[in-house]
Amino acid sequence: MKETNPRGPFLWGVATSAFQLEGSPHADWTSWDEILSTKPTVTNHYELYREDLALLKNLGVNAYRFSLEWSRIQPREGVWDEGAVAHYQEIIDILRRDNIEPMVTLHHFTHPLWFIKKYPWHEDASVEHFLRYVEKILSALRGVRYWITFNEPYVLVLAGYFEGCTPPALKNVPLGVKALKNILTAHAAAYDIIHAGCPDAQVSVAHNMAALAPWKRWNPLDKLLARVAKYFYNHSLLDAFLTGSLRIKFPFKEEMVIPVPIKGKLDFFGVNYYTRIHMRFNPFKNMGVEMRHLDIDGRGLTDMGWEIHPRGLEKVLRYASGLNVPLIITENGIATRDSQKKIAFMKEHLDAVERCREQGMDIRGYFYWSLIDNYEWLQGLDARFGLYRVDFDTLRRIPTNAAAYYSYLIKNRKF
Ligand code: FCB
């Protein structure tokens with residue numbers, strides 16, 4: 001059929017990440033005994049990938065976002081596993097055969113253990129080691145147009161350096177700021193490497209954005225905190241893409257202005273959106289910050305304890321549209337065992353996307369998180385995000401009603 005939309009079809013997709021589905025014997029997340037006492041159990045997608053890719057066809061999606069597990073590709077410093085590279089190429093080939101657009105994430109939270117021990121992101125050498133991996137991928141893989149360099153760089157840094165609950169498990173704000181600078185520097189160089197190898201590439205990060213509100217609307221400190229958090233968490237990265245400067249301002253501290261070479265290094269912008277967070281100033285908490293999810297609209301919380309707040313998606317998309325590049329919702333989803341709740345979540349968030357498009361925002365795709373239930377970073381296997389349920393004893397994939405509903409939407413919503 002002749003394509004009538006000059007921008008190409010709306011990307012209807014689902015998103016996953018390698019480690020959450022496949023695990024890896026060489027990843028920091030597997031072997032970081034200092035902080036992670038239980039070993040992740042995963043869905044064994046590394047063996048069952050053909051079966052899982054067939055689920056994409058059943059759903060009728062035309063796009064699939066997945067990540068490469070760097071620690072499988074480079075298990076030791078200087079050692080490349082060509083078998084792992086070939087494995088990911090086979091996935092891309094299957095997607096191409098099935099007319100499904102691959103969107104590849106180069107870095108989705110995990111690292112090879114050697115890297116995080118020797119060159120954690122606050123060390124400047126981290127950048128060059130990451131770029132060797134990017135060069136390897138660009139010289140080896142064929143058939144990819146959409147690339148995400150980093151999934152949620154702010155979440156990576158907040159968890160690894162502020163909260164200290166993920167590798168490298170530090171509670172050190174200055175080192176966290178250095179790490180963020182290095183990660184964004186790595187993004188800029190990766191952007192150039194990808195374009196050199198693949199001139200029509202579309203490259204972005206996937207930025208986690210949340211609706212942020214004061215806990216008590218009448219409390220000036222809560223309001224101040226919500227404003228500061230909103231700027232830092234949602235907006236400072238966007239401003240850095242526009243200006244080349246990252247401005248970081250914490251309450252009662254002097255503003256930091258850090259040059260980062262990312263101005264304009266963006267072909268579209270990936271937004272991950274899940275929830276609204278209420279902020280409260282509490283001097284007894286780390287940096288005076290306490291965060292809560294409140295069920296204000298009566299939709300109930302998800303199994304992650306997150307508020308369901310579709311209006312927030314509109315807000316963050318409106319803000320992101322100031323970047324003047326096309327927007328793609330690279331993740332949006334709900335953890336619940338209740339299919340009706342999952343269906344309502346999708347419908348309401350896609351209604352929000354539709355309202356944004358009607359207002360003229362350039363939104364080119366939506367990726368539901370996630371295709372199948374998988375390992376959730378700090379919650380393990382209880383967070384059921386999948387359109388397909390996974391029985392973790394037998395590893396069977398079982399369609400939920402939400403899978404059928406998503407197929408129905410894809411066929412009937414004319415975006
Ligand atoms: C996002 C992560 C993704 C998944 C969802 C639930 O922040 O990018 O890996 O864990 O949350």
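Being a predicted model, the structure only gives us computed values, none of them experimental. In what follows, every heavy atom counts, from backbone to side chain, and hydrogens, waters and symmetry copies are set aside.
Here Val228 pairs with Leu224, Pro251 under the side chain to side chain contact (heavy atoms under 4.5 Å, CB included) rule; sequence neighbours left out.
Two residues are said to be in side-chain contact when any heavy atoms from C-beta on lie closer than 4.5 Å; Ile137 and Ile193 fail this criterion. Using a 4.5 Å heavy-atom threshold, the side chains of Ile194 and Thr149 count as touching. In this structure the side chain of Lys341 reaches within 4.5 angstrom of the side chain of Ile308, judged on heavy atoms.
Ion pairing between a basic and an acidic side chain is recognised when a charged N comes within 4.0 Å of a carboxylate O; Asp351 and Arg311 show no such pairing. A salt bridge does not link Arg50 to Asp52: none of the charged side-chain nitrogens sits closer than 4.0 Å to a carboxylate oxygen. Under a 4.0 Å N-O distance rule, the pair Glu163/Lys171 does not qualify as a salt bridge. Between Arg96 and Glu101, at least one side-chain N (NZ, or NE/NH1/NH2) sits under 4.0 Å from a carboxylate O, which counts as a salt bridge.
Between Met209 and Tyr273, the shortest heavy-atom distance links the atoms O-CD1, 3.3 Å. Of all the heavy atoms in Pro214 and Ala226, the pair that sits closest is N-CB, 3.5 Å. The two residues Asn401 and Ser339 come nearest to each other via the heavy atoms N-OG, 3.5 Å. The two atoms that bring Arg72 and Tyr88 nearest to each other are CD-OH, 3.8 Å, heavy atoms only.
Ring pair Trp377/Phe109: centre-to-centre distance below 6.0 Å. Aromatic pair Trp121/Tyr161: ring centres not closer than 6.0 Å. In this structure, Phe130 has its ring center under 6.0 Å from that of Trp70. Ring-centre distance between His107 and Phe150: below the 6.0 Å cut-off. Note: Tyr49 and His87 meet the aromatic proximity criterion, with ring centroids under 6.0 Å apart.
Sorted by first and then second residue, the side-chain hydrogen bond (donor to acceptor under 3.5 Å, both in side chains) pairs with a member in residues 172-184 read Asp124-Asn182; sequence neighbours excluded.
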Inset, instruction - Please report the C-alpha distance between Phe281 and Trp215 in whole Å, then the side-chain angles of each, then the deciding distance to 0.1 Å, and finally whether the ring pair (Phe, Tyr, Trp, His ring centres under 6.0 Å) criterion is met. - result: CA-CA 9 Å; Phe281 180 72; Trp215 192 320; over 10 Å; no
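Summarising the local packing, CD of Glu254 is surrounded by 12 or fewer heavy atoms from other residues, nucleotides or ligands at distances under 6.0 Å. More than 12 heavy atoms of other residues, nucleotides or ligands shown are found within 6.0 angstrom of NZ on Lys265. For Met291, the CE atom is loosely surrounded, since the number of other residues' heavy atoms within 6.0 Å does not exceed 12. Atom NZ of Lys223 has 12 or fewer neighbouring heavy atoms from other residues, nucleotides or ligands inside a 6.0 Å radius.
With a 6.0 Å cutoff to the six-membered ring centre and a 45° limit on the axis angle, Arg65 does not count as a cation-pi contact of Tyr146.
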Which donor-acceptor pairs under 3.5 Å do side chains of residues 234-241 form with protein atoms, sequence neighbours excluded?
| unit_1 | atom_1 | unit_2 | atom_2 | d |
| --- | --- | --- | --- | --- |
| Asn234 | OD1 | Ala210 | N | 3.0 |
| Asn234 | ND2 | Ala210 | O | 2.7 |
| Ser236 | OG | Tyr154 | OH | 2.8 |
| Ser236 | OG | Phe232 | O | 2.7 |
| Asp239 | OD2 | Tyr231 | OH | 2.8 |

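No donor-acceptor distance shorter than 3.5 angstrom exists from the side chain of Arg384 to the backbone of Asp338, with no hydrogens or angles considered.
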